Protein chains: 2
Amino acid sequence: MALPVGSGSSTKELILAVALRRFGDHGFAGTSLNDIADEVGIRRPSLLHHFPSKEALYRAVLFDSFADWTGLVEQAIEGPRQGWPQVERMLRAAFTFFEDHPEFVRLVRWEALEGGPILRDELSVLLKPLFDRGADFLEREMDAGRLRRYDARQLLLTGYGAVLSYLSDGQLMTGLLDTDPLSPEALAIRREHVIDVLRTAVALDH
Amino acid sequence: MALPVGSGSSTKELILAVALRRFGDHGFAGTSLNDIADEVGIRRPSLLHHFPSKEALYRAVLFDSFADWTGLVEQAIEGPRQGWPQVERMLRAAFTFFEDHPEFVRLVRWEALEGGPILRDELSVLLKPLFDRGADFLEREMDAGRLRRYDARQLLLTGYGAVLSYLSDGQLMTGLLDTDPLSPEALAIRREHVIDVLRTAVALDH
DNA sequence: ATGTGTCTACCGACCGGTCGGTAGTACGAT
DNA sequence: ATCGTACTACCGACCGGTCGGTAGACACAT
């Protein structure tokens, strides 16, 4: 075949890509299968041939996205462990991922708001080890006197919450800030600001 | 005329109270007029007698909530202006309001996610003066050498984003933390943590 | 006091439209 | 011939909103 097998252009993968964006933009309830099917270029029953139901499609989108996310964080966790530089490396990797995948951030926000049982009961199980590992690392660094002492879990939530908010509330910020809050430049400024604040807050020698 | 005007239990006010909670729980699209009407104890047409449309009801809910919010912030802004204590006073007032009105926080989150034109085009106009005033105050304090220098607007977004996230993503956090993240105790811990981090980050003498 | 008109608050019934999902069919490639 | 993929046609449920109508409170002229 002339078509590259791993091209990612199969109908199923196209559906997943379109669904990710639509679910991210309008949430589960706000996205209709017709919307997705139309954009893919097929009819709704054809879409339901690839995924048995709307919820099955949604779950596939959610789990795929989380696999990408946890994979990247796992990778960033590797390497020599060392005080603030290690923290900053993890933060920067996570933030960059968020910036590259804003539809993922919005998807998580929708899920959190709807109180979706999928994320709460299943995905949080996948997320918890990462969360605990991050908290354990921070606690060890604090014990070793390399970081100012805080509640490690609270500190993790603070950092991620700050950037997640910015990315999911971007359209709202447009009215408050003068520049486009979702432009690459604005996102970089945002990322560096949060890192700067956190660095200052956890530093012991300034 | 014969109706007890200030009774607070009129049907219209009851509708607004129920609608605030339903819209906060399930968003605009996820809330049906039947849901609201049933809980109020009337039929949908009767509800539409008090508000001409679903959107009109939603706007009323949104504007009422924002009036409460801006009123409280305006009030907290008053008083002698003085470095960090003044900042903390504003933060504490805002956070306490959020804790007392979690449905308001969730309403704003929904609106931000849906990219609602109401909040973006109209409410942000009401919000911007407060936002600018807060940023101006922070900048003056930084100029006077009473606070560490940051981008004032970014700093404002960071603080509010941290608490807003926590309150709107509470159900998600249940799987990550061991305790109920929305209990009064957990919220107080959260509030004090954010204030603590911000205080440390902006302090110049530690 | 009695009828008359007007107002508010509410109701059941119904409308056009959209939703997710199903059944049966057509068609090209293997 | 079979299988995978797509289609048209259809279903019941639900949506926001409109319609005509009813019950009761009130003001007022007689």
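As a basis for the values below, the full set of heavy atoms in this structure was taken, side chains included, without hydrogen atoms, waters or symmetry mates. Every chain is numbered from 1, with letters handed out A, B, ... down the list of sequences. Note that the coordinates shown come from a computational prediction; the quantities given were computed from them, not determined experimentally.
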Problem - DNA chain C contacts among residues 43-55 of chain A, heavy-atom distance under 4.0 Å - result: A:R44, A:P45, A:L48, A:S53, A:K54
Problem - Gap between atoms NZ and C1', on A:K12 and D:dA6 respectively (whole Å) - result: 16 Å
Practice task
Output yes when at least one side-chain N/O atom of B:N34 is less than 4.0 Å from OP1 or OP2 of D:dC15, else no.
Solution key: yes
Practice task
Verify whether the ring centers belonging to A:W69 and A:F97 lie closer than 6.0 Å.
Solution key: yes
Exercise for the section: Indicate whether any N or O donor in one side chain lies under 3.5 Å from an N or O acceptor in the other, for A:T158 and B:R190. Expected result: yes
Using atom types as modelled, flag every donor-acceptor pair under 3.5 Å from a side chain in residues 85-95 of chain B to any protein atom, sequence neighbours excluded.
from  : atom 1 : to     : atom 2 : distance (Å)
B:Q86 : NE2    : B:I77  : O      : 3.2
B:E88 : OE1    : B:W84  : NE1    : 2.5
B:E88 : OE1    : B:R199 : NH2    : 3.4
B:E88 : OE2    : B:R92  : NH2    : 2.4
B:R89 : NH2    : B:A76  : O      : 3.2
B:R89 : NH2    : B:E78  : O      : 2.2
B:R92 : NH1    : B:E192 : OE1    : 3.2
B:R92 : NH1    : B:E192 : OE2    : 2.5

Problem - Residues forming a salt bridge (charged side-chain N to carboxylate O under 4.0 Å, His left out) with B:D151, sequence neighbours excluded - result: none
Problem - Between C1' of D:dG17 and CD1 of B:I36, the distance in whole Å - result: 14 Å
Exercise for the section: Quick one: list whatever passes side chain to side chain donor-acceptor pair (under 3.5 Å) with B:Y58, sequence neighbours left out. Expected result: B:E111
Exercise for the section: Salt-bridge test for B:E122 and B:R59: reply yes if a basic N is under 4.0 Å from a carboxylate O, no otherwise. Expected result: yes
Handout entry: Qualifying residues under salt bridge (charged side-chain N to carboxylate O under 4.0 Å, His left out), relative to B:D143, sequence neighbours excluded
Key = B:R149
Exercise for the section: Would you tell me whether A:R109 and A:S165 have side-chain atoms, one donor and one acceptor, within less than 3.5 Å of each other? Expected result: yes
Practice task
Report yes if at least one side-chain N or O of A:T11 is closer than 4.0 Å to OP1 or OP2 of D:dA6; otherwise report no.
Solution key: yes
Practice task
Return the value, rounded to whole Å, for the distance between atom CD1 of B:I42 and atom P of D:dA23.
Solution key: 19 Å
Handout entry: Residue-level proximity of residues 25-33 of chain B to DNA chain D when a heavy atom falls under 4.0 Å
Key = B:T31, B:S32, B:L33
